[in-house]
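Beneath this line is the structure, given in structure tokens, with notes to follow.
Within every chain, numbering begins at 1; the chains are lettered A, B, ... in the order of the sequence lines, protein sequences first and strands thereafter.
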2 protein chains.
Amino acid sequence: MATTPAGDTRGRRADARRNITAILDAALTCLSRDPDVSIGEIAKAAGVGRVTLYGHFASRAELVDAAFARILQQADQALAAVDTSGDPRHALTDLIASSWRIVARFRALLVAAERELAAERIRAHHDQALRHIRTLLARGQRDGVFRNDLPTSWLVAVFYSTLHSAADEITAGRLREHDAPQMITATLLSAYTPPPDSPPRTTSA
Amino acid sequence: MATTPAGDTRGRRADARRNITAILDAALTCLSRDPDVSIGEIAKAAGVGRVTLYGHFASRAELVDAAFARILQQADQALAAVDTSGDPRHALTDLIASSWRIVARFRALLVAAERELAAERIRAHHDQALRHIRTLLARGQRDGVFRNDLPTSWLVAVFYSTLHSAADEITAGRLREHDAPQMITATLLSAYTPPPDSPPRTTSA
DNA sequence: GTTAAGTCGAACACCGATGTTCAAGTTAGG
DNA sequence: CCTAACTTGAACATCGGTGTTCGACTTAAC
């Protein structure tokens, strides 16, 4: 058995490591299909006994946490790979596209996480990935390309909620997956555009 | 006992009617404080026996449904009272203010509803209230004040998600309740503004 | 080949809130 | 005042997933 708390695969035997990733994979597909799947279902999908699963993950919450962490880590990597050096508006479009792939695919996983994990924990998982967004938005604000009259944290929140809103609209059947990225982009670019009146600009004469 | 399924107070005895509203009131305050309150807690808060509560609401889901319906009905009335005849941008500001009061106060109730009720049911409850938003947005689109390159349903979704996002930000401590309405308004007005390039305009020469 | 690590299935205790039943007590309403 | 409607607390059945324990078996690793 593995009494070790976390999913650190070091020191484990080869078959154990194999099973851990199999369980994680199964958890991902199962949970993103139905946030309420039982542990038994996940174990079965992983081709593993329920007891074995509990040998690696002490509780349902711990499993969900691990699965969720994995996705957000994957998201972090995807966003890190985006070139955000150029025009902020163009970079934003790319970040949206990258984020969207993951959000669209694993939206149900977030529901599972919300059921199982504390709100701050969920936020903590997001932190790394969202930092890419925040960084770009902040730069855009400094450059005067994005509005400066609202705090960066709020712009990040709007980014996040717009993406998830699109996912919900797809689930509800009011939006086609194909159209989502473009709508999100159009919406956010407008939302981030500096308002016509007050704030100081650096670009204009 | 009351075998009648719903909360129709007609034909009930006076004390029964009184209890029903007391229960509903208690459910509202309790659920919006903690989405996971037990039925017993709600009954106690209503000054009523648990059995009495079950006499009026057959299940937890039914109670949540009724409480949720009540709030959305209240929201519907509040929105209906807003004068939306003038400048769409100004009217939107008013609708946001009205909506916000309710969203900010009962955000936790939505969480409870999401746990207990089917997604379509939740949507159905929203329908009436959201219709006011939709109507105004559609008019603004026709008038060329709001962008026409995105479907009205999407604009409604953005409205909804931005409000709730603000509520979440407050819960997370990243936003002060006082600042929310202004930020929401600024964000949505920008988001709804027609993009500079393509679409046909009626106002400009 | 030896050993420790890992796996397996079955069986179990647990849990806490939900929802039900009962018989006795109140209260509204005519 | 009489009756039917209503309330009440206590006690109970239930329920399904969770998490644990067991002893026997397999497999990786050296």
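In the set D:dA29, C:dA10, D:dG9, D:dG9 carries the atom at the smallest distance from any side-chain atom of B:V51. Distance from the side chain of A:R60 is smallest to D:dT18 among C:dG29, D:dT18, D:dC6. Taking the side chain of A:H56 as heavy atoms from C-beta on, and the options C:dT7, D:dT20, C:dT20, the nearest nucleotide is C:dT7. Checking C:dT7, D:dG19, C:dG19 against every side-chain atom of A:S59, the shortest atom distance belongs to D:dG19. Set against C:dC12, C:dA28, C:dG6, the side chain of A:R50 has C:dC12 as its closest nucleotide.
The phosphate of C:dG6 has neither OP1 nor OP2 within less than 4.0 Å of any side-chain N or O from A:R13. Within the 4.0 Å cut-off from OP1 or OP2 of C:dA17, not a single side-chain nitrogen or oxygen of B:S38 is found. A sub-4.0 Å separation between OP1 or OP2 of C:dT7 and a side-chain N or O of A:N19 is present.
For A:R17 and D:dT27, the CZ to C1' distance is 14 Å, given to the nearest whole Å. Taking atom CG of residue B:D15 and atom P of nucleotide C:dA28, one finds them 6 Å apart after rounding to whole Å. Remark: C1' of D:dA29 and CZ of A:R12 are 16 Å apart, rounded to the nearest angstrom. Look at CG on B:D34: it is 11 Å from P on C:dA17, rounded to the nearest Å. Rounded to whole angstrom, the span from the CD1 atom of A:I39 across to the P atom of D:dG19 amounts to 6 Å. When rounded to the nearest whole Å, the span between CZ of B:R115 and C1' of C:dT18 equals 16 Å. A straight line from CD1 of B:I20 to P of D:dT7 spans 8 Å, rounded to a whole angstrom. Regarding A:L53, its CG atom lies at a distance of 17 Å from the P atom of C:dA10, rounded to whole Å.
B:D34 contributes a side-chain N or O that, together with a main-chain N or O of B:D36, makes up a donor-acceptor pair within less than 3.5 Å. Counting only distance, with no hydrogens or angles, the side chain of B:S32 and the backbone of B:T29 share a donor-acceptor pair below 3.5 Å.
B:L189 contributes atom CG, which lies 4.5 Å from atom CZ of B:R89 (distance to the nearest 0.5 angstrom).
Of the residues A:F159, A:Y192, A:W154, the one that meets the ring pair (Phe, Tyr, Trp, His ring centres under 6.0 Å) test with A:F146 is A:Y192.
Ranked by how close their nearest DNA chain C nucleotide is to the 5' end, B:R18 and B:D36 are led by B:D36.
Classification of B:R123 and A:D168 as a salt-bridged pair fails, no side-chain N sitting under 4.0 Å from a carboxylate O.
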